[in-house]
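Chain identifiers are assigned alphabetically (A, B, ...) following the order of the sequence lines, protein sequences preceding nucleic acid strands; residue numbering begins at 1 within each chain. Below, each value reflects all heavy atoms present in this structure, side chains not excepted, and no hydrogens, waters or symmetry copies.
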2 protein chains.
Amino acid sequence: MKDIKGKLTILFRQGYCTPQIARIAKKIKEASTTIHYNIKKMEKDQIIKTYKAVFDYKKIDLGYCAYVLCQISPDEYSNPENIANDLIKHENIESIDICTGDWELILKVRAKDQDEYYLFVKKVISRRGIIKIQTVSSLKQLKTEFIPL
Amino acid sequence: MKDIKGKLTILFRQGYCTPQIARIAKKIKEASTTIHYNIKKMEKDQIIKTYKAVFDYKKIDLGYCAYVLCQISPDEYSNPENIANDLIKHENIESIDICTGDWELILKVRAKDQDEYYLFVKKVISRRGIIKIQTVSSLKQLKTEFIPL
DNA sequence: CCACTTATTAGAATAATCTTCAATTAATCA
DNA sequence: TGATTAATTGAAGATTATTCTAATAAGTGG
């Protein structure tokens, strides 16, 4: 077995998709070259970042989902992005935001289960600069990435 | 002016994209028919929900982003999904989760600016069943939908 | 108002891609 | 083992994206 599906999920998580120009042209009744021109412009202007797949994450071993609210050390206030940039490449992390209020950093994290999430916290989150975290576990996901589940 | 870009953003928010089979086939060195077969299977099994675009949301009038932490009324504990299902179709809402802990409902919301967000809160969030909300505004988004920005 | 530049829209032709089909190989399980 | 299902593959056909050229519309500055 070649585990092609596993490879596909990795690729589709971030890209390897493309717009359906002909289908859109029919839908909004414009010439396909017009659609093409507009899309290429949006890509060039970096309005569109990428095209990607959205999964039923339960079915690709990412069934556990949690929001991680973090407080960062006052030492790091001058540049919270230092911490964020260390996290950004981590493939379990769906989103990273620097925020107002009690929690300066909010992560959305996906893992296979709570055990794998615990490993993630120990390995990734427990680092200099983060002084307190609160995990809010998702019991049921109804919508993600603008897609109802 | 036909505002084709506007129509495209609406379509691309949820779909109208498709996998790049030939490109993937080259990348992982398999026959394109094999890739095709596996993708169709993943779609049929609902492992893949859709293919969509990810935007630089600042550039499509959705620059404001906030997490909305909600407490729901004890009356609604028996079925928190009632509330969630009312919200699910709202296009400003990126994600909806029913969660553990102090906040039973977490929304991720996008709007043009704080003014538009305020209108959203008044119109959508202020409803029977939600007894307290706390907005955590994003000051800087570093990653969203698994895509570094 | 005019000349000039830039953005947008289109048709036709080409290049590339997806999709179907039939056949082969691999995996599963009684 | 043998029967059944699932996965992989190459060749052919159907569909689609892309390029090229040109026309039109919108915006800019004199």
Presence of [X] side-chain N/O under 4.0 Å of [N] phosphate oxygens OP1/OP2:
X: B:Tyr37; N: D:dA7; result: yes
X: A:Asn38; N: C:dA7; result: no
X: B:Lys40; N: C:dT20; result: no
X: A:His36; N: D:dA17; result: no

Check the distance between [N]'s [atom2] and [X]'s [atom1] and give it to me in whole angstrom.
X: B:Arg23; N: C:dC18; atom1: CZ; atom2: C1'; result: 16 Å
X: A:Ile24; N: D:dA17; atom1: CD1; atom2: P; result: 8 Å
X: A:Ile39; N: D:dT16; atom1: CD1; atom2: C1'; result: 13 Å

Short side-chain donor-acceptor distance under 3.5 Å, [Y] and [X]:
X: B:Tyr117; Y: B:Ser137; result: no
X: A:Tyr67; Y: B:Ser95; result: yes
X: B:Thr135; Y: B:Tyr118; result: no
X: A:Arg110; Y: A:Thr144; result: yes

Task: Non-hydrogen side-chain atoms of A:Trp103 and A:Ile133 separated by less than 4.5 Å - done: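 No, every pair of side-chain atoms sits at 4.5 Å or beyond.
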Open item on the list: Is there a side-chain contact between A:Leu62 and A:Thr9 in this structure, where contact means two heavy atoms from C-beta onward sitting under 4.5 Å apart?
Closed with: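 Not in contact.
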- [ ] Give me the one residue out of A:Ile106, A:Ile72, A:Leu105 that meets side-chain contact (heavy atoms from CB on, under 4.5 Å) with A:Ile98.
- [x]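 That would be A:Leu105; it is the only one of A:Ile106, A:Ile72, A:Leu105 passing the side-chain contact (heavy atoms from CB on, under 4.5 Å) with A:Ile98.
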Task: Name of the residue among A:Val124, A:Val109, A:Ile96, A:Ile125 meeting side-chain contact (heavy atoms from CB on, under 4.5 Å) with A:His90 - done: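 When side-chain contact (heavy atoms from CB on, under 4.5 Å) is applied between A:His90 and each of A:Val124, A:Val109, A:Ile96, A:Ile125, only A:Val124 qualifies.
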Task: Charged N-O contact under 4.0 Å between A:Lys52 and A:Glu145 - done: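 Salt bridge present between A:Lys52 and A:Glu145.
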- [ ] Report which part of the nucleic acid B:Lys5 touches: base, sugar-phosphate, or nothing (heavy-atom distance under 4.0 Å, all strands).
- [x]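 Sugar-phosphate: the residue B:Lys5, judged by heavy atoms under 4.0 Å, touches backbone atoms but no base.
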TODO: Would you check, one step at a time, whether the test side chain to side chain contact (heavy atoms under 4.5 Å, CB included) holds for A:Lys40 with A:Asn38?
DONE: CA-CA 6 Å; A:Lys40 289 303 154 192; A:Asn38 277 276; over 6 Å; no
TODO: Would you mind building the protein contact string for nucleotides 10-15 of chain C? One character per nucleotide, 5' to 3', B for base within reach (heavy atoms under 4.0 Å), S for sugar-phosphate only, - for untouched.
DONE: BBB---
Open item on the list: Go nucleotide by nucleotide along DNA chain D from the 5' end; which of A:Pro19 and B:Ile35 gets its closest nucleotide reached first?
Closed with: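 Counting from the 5' end, the first nearest nucleotide belongs to B:Ile35.
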Open item on the list: If you assign each of A:Ile4 and A:Thr18 to its closest nucleotide in DNA chain D, which residue comes earlier from the 5' end?
Closed with: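 Its nearest nucleotide being more 5', the pick is A:Ile4.
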Open item on the list: Using ring-ring contact (aromatic ring centres under 6.0 Å, His included), reason through B:Tyr51 and B:Tyr16 one step at a time and then give a plain yes or no.
Closed with: CA-CA 7 Å; B:Tyr51 307 95; B:Tyr16 286 87; over 10 Å; no
Task: Close approaches to DNA chain D from residues 6-17 of chain A, in residue order (heavy atom, under 4.0 Å) - done: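 Here the set is empty: none.
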Task: Residues within residues 42-58 of chain B bordering DNA chain C, heavy-atom distance below 4.0 Å - done: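 DNA chain C contact set from residues 42-58 of chain B: none.
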